[in-house]
2 protein chains.
Amino acid sequence: MSGGFAVAEGRGQEFFLAVLNKNLDRLIYVCHMPSMTRGPDKQFDPDAVLEKAMQVFWAKGYAATGLAELQARMGIGRKSLYDTFGNKRQLFIKALQLYSDSVVGQISAELDKKGSPLGNVRRLMRSLEEDHSLPESMGCLLGVSMAQCPSDDGEMAGILRHHIQRVEEAFYRAFKRARDIGELNRSTNTRDLARLFMGIAQGLALVGRVQDAPSVPRSIVNAALATLKSA
Amino acid sequence: MSGGFAVAEGRGQEFFLAVLNKNLDRLIYVCHMPSMTRGPDKQFDPDAVLEKAMQVFWAKGYAATGLAELQARMGIGRKSLYDTFGNKRQLFIKALQLYSDSVVGQISAELDKKGSPLGNVRRLMRSLEEDHSLPESMGCLLGVSMAQCPSDDGEMAGILRHHIQRVEEAFYRAFKRARDIGELNRSTNTRDLARLFMGIAQGLALVGRVQDAPSVPRSIVNAALATLKSA
DNA sequence: TTTAACATAGACCGATTGGTCAAAGAAAAG
DNA sequence: CTTTTCTTTGACCAATCGGTCTATGTTAAA
């Protein structure tokens, strides 16, 4: 026996059986294997189930969340979980991306609205204030994860950095437009300002996770918006 | 047998043997028991060892830190650890308090210096910027813990809230003084401003934990300090 | 109806978790 | 010396961890 083989799999699809040499660098034979039958469909919606997983990670953090709890809240068996999402880490990363896309989408939608860009910023910040004033506020999943990301995990850190950057960019577009139309001073450094507001939003979410009274989030947003009046 | 008893223990001290009635609400007899001998002292410094534990929790978070790693980094046996600190949770809480006292002490010392209060704020913020621009920055242990605190843990949430409040108060004293001596506008809401800067500091620490380039912390502090020029 | 391809539920795995305990050693008073 | 008190070491515990796998069920093409 001097060969190996590899298959390209797929759900309900045809696939190939490939025979390789023993160094795995030469294709010796390829056999097309059309799939004749198929099994039943999944009994759950992967997106809906991922959303549930996201909430558990959000509330408890990555390390403190066990497979048993994930299974229970997602309402699926363990085999299904691993077949669909790979493993706990990959499930977490998919949850991070789901959350990031959703949050960045909402923030961008608000900030990119027509009309006064500073008005959009004010509306967004008041909305964030409201969210993080609720007693059940859990902060921001990405922020929570930044706090837990092991320093040697480059992939995860990359996702978190990317999220930060997208939020910064959304603020930047708004502030740039505000400067262009005269809502901000010509001398304002819009890049710095965008990063500041991104940082404030993260701090707000973090504080809101612990704070019970709404006065602190309220103050933070008050003061943050006050700085725009004279910028 | 109609009585119970209780002893008040102490290291190398005399103690008392108290005989109580069966409802434990009446003292029947008290016997003074002077201690005659004593054993060896601890072979480690509890404070130094607690500092080590704090660093592990800081780097990895509460849930992801195991007893084995704590033991290794603290350099003591498991029994010693439990005898000295109670259990993992209590060890963590003691580490939180150690960290909080240290950080609040440093911040207050800087902000309460004589001279220009806004100058103190600028110096502090630049110093925070420098800290959180280092590639090995781990953010703020209290911030990291806010992100991991289970929502049902009231005691831990209380410690975190108290920390936030102490930082806010340090900023408040500085801004109040700044307003009194005319460095800030009379119309400035110093309470809001103090809370904003507390929030910015937390956000800065969080972002610094993930960010590798120093440009983002730099921008955040630039913009934060710029707001003071016209407040 | 047969059969291959899927999904499901849950038993099972070694490793690790936080936590306890017994045995041995060290220090100091008598 | 002996005795008592205290520390230390490391074995040990049940429970849980993330992950795998087998047995069973279900679907739809042949």
Side-chain angles (χ1 to χ4, degrees), chain A residues 7-17 31-46 48-49 53 56-57 60-95 148 150 153, chain B residues 7-17 33-46 48-49 53 56-57 60-95 148 150 153:
Chain A
V7 295
E9 309 176 63
R11 171 72 174 80
Q13 295 169 342
E14 71 270 49
F15 60 93
F16 297 87
L17 173 62
C31 177
H32 182 221
M33 307 287 286
S35 178
M36 299 301 169
T37 64
R38 45 164 312 208
D41 288 331
K42 282 193 199 306
Q43 292 180 6
F44 59 90
D45 174 11
V49 154
V56 185
F57 283 130
K60 307 195 52 174
Y62 177 74
T65 300
L67 266 296
E69 185 168 2
L70 282 170
Q71 236 179 289
R73 292 278 297 271
M74 297 167 81
I76 63 176
R78 189 162 301 199
K79 184 74 168 19
S80 304
L81 199 160
Y82 275 81
D83 282 349
T84 309
F85 300 105
N87 58 25
K88 183 185 169 186
R89 193 192 130 86
Q90 289 172 35
L91 173 64
F92 179 64
I93 287 183
K94 288 187 173 105
Q148 309 183 353
D153 190 330
Chain B
V7 295
E9 309 176 65
R11 170 72 173 80
Q13 297 168 340
E14 70 271 50
F15 61 93
F16 298 88
L17 173 62
M33 307 286 286
S35 177
M36 297 303 169
T37 65
R38 45 165 312 210
D41 288 331
K42 282 193 199 308
Q43 291 179 5
F44 58 90
D45 173 11
V49 154
V56 185
F57 283 129
K60 307 195 52 173
Y62 177 73
T65 300
L67 265 296
E69 185 168 3
L70 281 171
Q71 235 179 291
R73 293 279 296 271
M74 297 168 81
I76 64 176
R78 191 162 296 199
K79 185 70 166 25
S80 302
L81 200 161
Y82 275 81
D83 281 352
T84 309
F85 300 105
N87 59 24
K88 184 186 170 187
R89 193 191 130 85
Q90 289 173 37
L91 174 63
F92 180 65
I93 287 183
K94 287 188 174 105
Q148 309 183 351
D153 191 331

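All heavy atoms count here, side chains included; hydrogens, waters and symmetry mates do not. So you know, we letter chains A, B, ... as the sequences are listed, proteins then strands, and number each from 1. Note that this is a predicted model, so its numbers are computed, not measured.
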Enumerate the protein-to-nucleotides 15-19 of chain D contacts in which both atoms are nitrogen or oxygen and the separation is below 3.5 Å.
residue : atom : partner  : partner atom : Å
dG18(D) : OP1  : Thr65(A) : O            : 3.1
dG18(D) : OP1  : Lys88(A) : NZ           : 2.6
dG18(D) : OP2  : Leu67(A) : N            : 2.7
dG18(D) : N7   : Arg78(A) : NH1          : 3.3
dG19(D) : OP2  : Tyr82(A) : OH           : 2.8
dG19(D) : OP2  : Lys88(A) : N            : 3.2
dG19(D) : O5'  : Tyr82(A) : OH           : 3.3
dG19(D) : N7   : Arg78(A) : NH1          : 2.7
dG19(D) : O6   : Arg78(A) : NH1          : 2.7

Can you check the [X] [atom1] to [N] [atom2] distance for me, whole Å?
X: Gln71(B); N: dT9(D); atom1: CD; atom2: C1'; result: 10 Å
X: Asp83(B); N: dC6(D); atom1: CG; atom2: C1'; result: 10 Å
X: Asp45(A); N: dT8(C); atom1: CG; atom2: P; result: 12 Å
X: Lys60(B); N: dT16(C); atom1: NZ; atom2: C1'; result: 13 Å
X: Phe44(B); N: dT7(D); atom1: CZ; atom2: P; result: 8 Å
X: Lys79(B); N: dA24(C); atom1: NZ; atom2: C1'; result: 13 Å
X: Gln90(B); N: dG18(C); atom1: CD; atom2: C1'; result: 13 Å
X: Leu81(B); N: dT7(D); atom1: CG; atom2: C1'; result: 14 Å

Legend entry - Residues which pass side-chain contact (heavy atoms from CB on, under 4.5 Å) with Ala72(B), listed by chain and number, not counting sequence neighbours: none
Inset, instruction - List in chain and number order the residues that pass side-chain hydrogen bond (donor to acceptor under 3.5 Å, both in side chains) with Arg89(A), two or more places apart in sequence or in another chain; answer none if no residue qualifies. - result: Asp153(A), Glu155(A)
Legend entry - Which residues share a side-chain hydrogen bond (donor to acceptor under 3.5 Å, both in side chains) with Gln90(B), sequence neighbours left out: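 Scan of Gln90(B) (side-chain hydrogen bond (donor to acceptor under 3.5 Å, both in side chains), adjacent residues dropped) gives none.
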Inset, instruction - With sequence neighbours excluded, tell me which residues meet salt bridge (charged side-chain N to carboxylate O under 4.0 Å, His left out) with Lys60(A). - result: Glu69(A)
Inset, instruction - Spell out, as yes or no, whether a donor-acceptor pair under 3.5 Å connects the side chain of Lys88(A) to the backbone of Thr65(A). - result: yes
Inset, instruction - Would you please classify the geometry between the Tyr62(A) ring and the Phe92(A) ring as parallel, tilted or perpendicular, with 30° and 60° separating the classes? - result: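 Plane angle between 30° and 60°, so tilted.
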Inset, instruction - Supply the atom-to-atom distance Met74(A) CE to Phe85(A) CZ, rounded to the nearest 0.5 angstrom. - result: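 Going from the CE atom of Met74(A) to the CZ atom of Phe85(A) covers 4.5 Å.
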Inset, instruction - Enter the distance from Ile76(B):CD1 to Thr84(B):OG1 here, rounded to the nearest 0.5 Å. - result: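 Result: 5.5 Å between the selected atoms.
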Inset, instruction - Please report how far the helix from dT1(C)-dA30(D) to dG30(C)-dC1(D) bends, comparing the axis fitted to its first five pairs with the axis fitted to its last five, to the nearest 10 degrees. - result: 10°
Inset, instruction - May I ask you to evaluate whether Ser80(B) reaches the phosphate of dT8(D), defined as a side-chain N or O under 4.0 Å from OP1 or OP2? - result: yes
Inset, instruction - With the side chain counted from C-beta on, respond yes when Leu67(B) and Leu81(B) share a heavy-atom pair under 4.5 Å apart, and no when they do not. - result: yes
